[in-house]
Amino acid sequence: MPSNMLADRIADTSEHANGVTERNGEVSDAFRYVEVKPRLHQLNTHRSCEEKTLVDVVGEISTRIRSIDHLDGIISPSIRSATNTPRSATFHPSHFEAHPMLIDAWEALRRSLVYFRGMPVGTIAALDPTEDSLNYNQVFVRDFFPSALAFLMNGEPEIVKNFLIKTLRLQALTKRIDNFTLGAGVMPASFKVLHDANRSTDTMIADFGESAIGRVAPVDSGFWWIILLRAYTKSTGDHTLADLPDFQRGMQLILSLCLSEGFDTFPTLLCADGCCMVDRRMGIYGYPVEIQSLFFLALRCARVLLKPEGGGKEFIERIDKRLHALSFHMREYFWLDFEQLNNIYRYKTEEYSHTAVNKFNVIPDSIPEWVFDFMPMKGGYFIGNVSPARMDFRWFCIGNCVAILSSLATPEQEAAIMDLFEERWQDLVGEMPLKVTYPALENHEWRIVTGCDPKNTRWSYHNGGSWPVLLWLFTAACIKTGRPQMARRAIELAERRLSNDHWPEYYDGKLGRYIGKQARKMQTWSIAGYLVAKMMLEDPSHLGMIALEEDKKMKPTLTRSASF
């Protein structure tokens with residue numbers, strides 16, 4: 001089918017109220033193109049390779065990576081499914097002993113599938129029958145990402161294609177909160193499917209922040225969508241979806257929001273509290289590192305996917321300029337190691353003009369005491385936030401891991417981040433991987449910053465809680481930096497309890513020892529995060545879906561110190 005015909009058919013399907021509706025007797029033409037076929041629930045299980053064998057595999061891949069400019073030279077093995085050849089042989093039961101936890105995880109992941117018009121379009125956030133569902137009965141864009149990777153790695157791309165198509169249609173809806181209309185490019189935080197048996201209709205209802213706790217629109221959803229589109233394209237070798245005019249326009253709308261020029265003097269993206277995974281008030285307003293890293297990775301993915309036609313050339317040029325400025329800003333001002341901490345400690349204030357060293361007028365007395373004990377002689381990380389007169393020295397897992405995968409971090413900084421993990425393993429990994437942020441806010445600071453949010457008490461939820469979903473990000477970072485043994489160690493920690501505890505959303509305590517006091521069980525992204533980590537560790541070439549090598553053309557000259 002020609003691309004323009006498919007685009008017309010996608011656009012012609014009917015919309016209902018704030019959602020998308022299709023009658024059960026009238027199959028959408030867009031989904032005729034997708035052609036999701038029934039698939040046996042084959043559970044791909046295997047045991048881990050010996051450490052020596054895995055290190056050898058990673059070494060071979062690392063050598064190959066260094067010989068090319070991008071990881072695009074590595075073809076994900078899931079592309080084999082597109083030619084009707086067997087799925088990755090490493091998952092065949094006859095080759096590897098079945099692991100009960102893998103069987104449990106795959107069964108749970110398949111139970112979480114959400115269907116629209118009889119076709120899977122995502123996975124529900126959680127299936128805990130003991131808790132009030134609230135919005136956990138919806139499909140979240142960010143939550144679905146690890147589930148999507150699991151299906152792609154297992155040779156099941158149809159589910160991901162369905163998701164990409166339907167969320168693109170939701171983007172086209174008018175987004176209104178009270179009397180205010182959001183930008184055209186905003187992607188939903190989540191959506192739910194309502195089945196009406198009497199009218200034989202399915203309705204998809206999106207949430208753009210108008211129903212969310214705190215009424216905050218998601219900044220990261222659009223970034224995850226672009227990154228997933230590139231992962232799908234990379235995994236399947238199918239460029240037809242991304243090349244469709246509707247998908248090109250969808251990317252351009254997202255980019256229009258985040259590349260717009262205004263009063264901001266920084267290339268980083270200004271964001272509200274609660275706009276990403278840390279979706280409660282946690283003092284991340286300003287320029288949170290998680291959003292900057294995702295922004296950078298999404299820009300690089302869009303740079304690969306955009307076509308010059310139809311206004312794409314202008315966006316490509318704007319992306320190139322922003323990537324250069326953003327990489328310099330992050331590597332220069334967000335990076336912290338022992339030497340740089342010592343420099344900030346000796347800052348002078350009230351400096352003026354272009355010669356100023358303390359460009360953001362940070363008061364040295366504002367450096368928290370814990371940083372001096374936390375910072376090892378070897379290692380470093382991107383701090384949580386930098387804005388006028390304020391540096392948030394907290395460590396955030398997602399921002400630092402994505403900085404590695406996107407090559408926002410230089411190779412030397414990547415090594416330093418992994419050094420920090422090794423030096424501060426008990427603090428950042430503990431007994432249940434991994435801390436979403438470190439350290440926790442406590443006492444008076446907790447009351448002020450969180451607004452006394454009882455869910456974010458110290459070492460709980462986003463305030464220093466431990467999230468098993470982060471296993472996949474950590475594993476990917478370990479493989480990219482040639483340290484798979486660290487990922488294996490973290491996965492073995494999770495395997496001691498995660499399945500027996502019924503896949504909690506998060507764990508509490510300084511070491512992550514206790515199931516979160518308000519954590520949902522059967523949390524889908526905890527399940528998917530484990531599966532992706534295992535599959536990636538067994539076959540490191542999967543890394544090519546979500547990682548990019550450094551672009552030498554935009555490499556800035558660093559003038560700040562680095563741990564290397």
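For the pairing with F163, the ring pair (Phe, Tyr, Trp, His ring centres under 6.0 Å) check across Y115, F116, Y232, F144 returns one residue only, F144.
Closest of all the heavy-atom pairs between P267 and A325 is CG-O, 3.6 Å. Between A476 and L543, the closest heavy-atom pair is O-CD1, 3.6 Å. What you find for A490 and F474 is that their closest heavy atoms are CB-CE2, 3.7 Å. For the pair G185 and I254, the tightest heavy-atom approach, listed with the atom from each and the gap, is O-CG1, 3.5 Å. Taking each heavy atom of P288 and I284 in turn, the nearest pair found is CD-O, 3.3 Å. The minimum heavy-atom distance between V532 and A150, with the atom names listed, is CG2-N, 3.6 Å.
Listed for the S221 side chain is no donor-acceptor partner under 3.5 Å among the backbone atoms of P218. Distance alone, capped at 3.5 Å, places no donor-acceptor pair between the Q248 side chain and the G312 backbone. A donor-acceptor distance shorter than 3.5 angstrom exists from the side chain of K175 to the backbone of A184, with no hydrogens or angles considered. Of the possible polar contacts, one joining the Q171 side chain to the G250 backbone as a donor-acceptor pair under 3.5 Å is found. Between the side chain of T481 and the backbone N or O of A477 there is at least one donor-acceptor pair closer than 3.5 Å. Under the 3.5 Å distance criterion, the side-chain polar atoms of N400 are matched with a main-chain donor or acceptor of F396. With hydrogens and angles disregarded, a donor-acceptor distance shorter than 3.5 Å links the side chain of Q413 to the backbone of T410. With hydrogens and angles ignored, the 3.5 Å screen pairs no side-chain donor or acceptor of R394 with any backbone N or O of I383. A donor-acceptor pair is defined here as one N or O able to donate and one able to accept, closer than 3.5 Å; such a pair exists between the side chain of S260 and the backbone of L257. Side-chain atoms of D207 never come within 3.5 Å of backbone atoms of A189 as a donor-acceptor pair (strictly under, hydrogens ignored).
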Worked verdict on R249 versus L253 for side-chain contact (heavy atoms from CB on, under 4.5 Å): CA-CA 6 Å; R249 182 173 181 273; L253 287 174; 3.5 Å; yes

In sequence, state the C-alpha distance, the side-chain angles, and the governing distance for E156 and R110, and then conclude on salt bridge (charged side-chain N to carboxylate O under 4.0 Å, His left out). CA-CA 12 Å; E156 301 180 63; R110 295 193 188 282; 2.8 Å; yes

Would you please test D238 and K161 for salt bridge (charged side-chain N to carboxylate O under 4.0 Å, His left out) and show each step? CA-CA 10 Å; D238 175 18; K161 179 182 281 188; 3.5 Å; yes

Evaluate E332 against V386 for side-chain contact (heavy atoms from CB on, under 4.5 Å), listing each step before the verdict. CA-CA 11 Å; E332 178 86 358; V386 175; over 6 Å; no

Check against side-chain contact (heavy atoms from CB on, under 4.5 Å), L548 and R230: CA-CA 11 Å; L548 292 163; R230 188 259 175 185; 3.4 Å; yes

Side chain to side chain donor-acceptor pair (under 3.5 Å) between W395 and T437: does it pass, once the steps are laid out? CA-CA 5 Å; W395 176 91; T437 184; over 6 Å; no

Stepwise side-chain contact (heavy atoms from CB on, under 4.5 Å) check, V429 with M486: CA-CA 10 Å; V429 181; M486 293 176 62; over 6 Å; no

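Between D419 and R483 there is a salt bridge, with a side-chain nitrogen of the basic residue lying less than 4.0 Å from a carboxylate oxygen of the acidic one. Taking a cutoff of 4.0 Å between a charged side-chain nitrogen and a carboxylate oxygen, R488 and E538 do not qualify as a salt bridge. Salt bridge R142/E290: absent, no basic N to carboxylate O contact under 4.0 Å. A salt bridge is absent between E210 and R215; no separation between the charged side-chain nitrogens and carboxylate oxygens falls under 4.0 Å.
T268 is not listed as a side-chain neighbour of I291, based on a closest heavy-atom distance of 4.5 Å or more. With contacts defined as side-chain heavy-atom distances shorter than 4.5 Å, the pair V114/T123 does not qualify. Using a 4.5 Å cut-off on side-chain heavy atoms (C-beta onward), F151 and L109 make contact. Contact check for Y381 versus L336: side-chain heavy atoms found under the 4.5 Å cut-off. Side-chain contact between M277 and I398 is present, with at least one heavy-atom pair separated by less than 4.5 Å. In this structure, L473 and L470 have side chains that are in contact, with non-hydrogen atoms separated by less than 4.5 Å. Side chains of I124 and Y136 form no contact here, defined as non-hydrogen atoms less than 4.5 Å apart. With contacts defined as side-chain heavy-atom distances shorter than 4.5 Å, the pair C397/V436 does not qualify.
The distance from the CG atom of L537 to the CH2 atom of W472 is 15.0 Å, given to the nearest 0.5 Å. A distance of 11.0 Å separates CG of L255 from CD of E314, quoted to the nearest 0.5 Å. Atom CG of D279 and atom CG of D273 lie 10.5 Å apart (nearest 0.5 Å). Once rounded to the nearest 0.5 Å, the distance linking CZ of F295 with CG of D220 reads 13.5 Å. Taking CE of M545 as the reference point, atom NE2 of H542 lies at 5.5 Å (rounded to 0.5 Å). Rounding to the nearest 0.5 angstrom, the gap separating the CG atom in L471 from the OH atom in Y530 is 9.5 Å.
Enclosure of atom CZ in R322 by more than 12 non-hydrogen atoms of other residues, nucleotides or ligands within 6.0 angstrom is indicated.
Scanning for side chain to side chain donor-acceptor pair (under 3.5 Å) contacts around Q292 gives an empty result, with sequence neighbours left out.
Ring to ring, Y506 and W467 are close: their centroids are under 6.0 angstrom apart. Between F266 and Y333, the ring center distance fails the sub-6.0 Å criterion. For F140 and W224, the distance between ring centers is not under 6.0 angstrom.
Donor-acceptor pairing under 3.5 Å is lacking for the side chains of D392 and Y287. For the residue pair K480/S407, the side-chain donor-acceptor check at 3.5 Å is satisfied.
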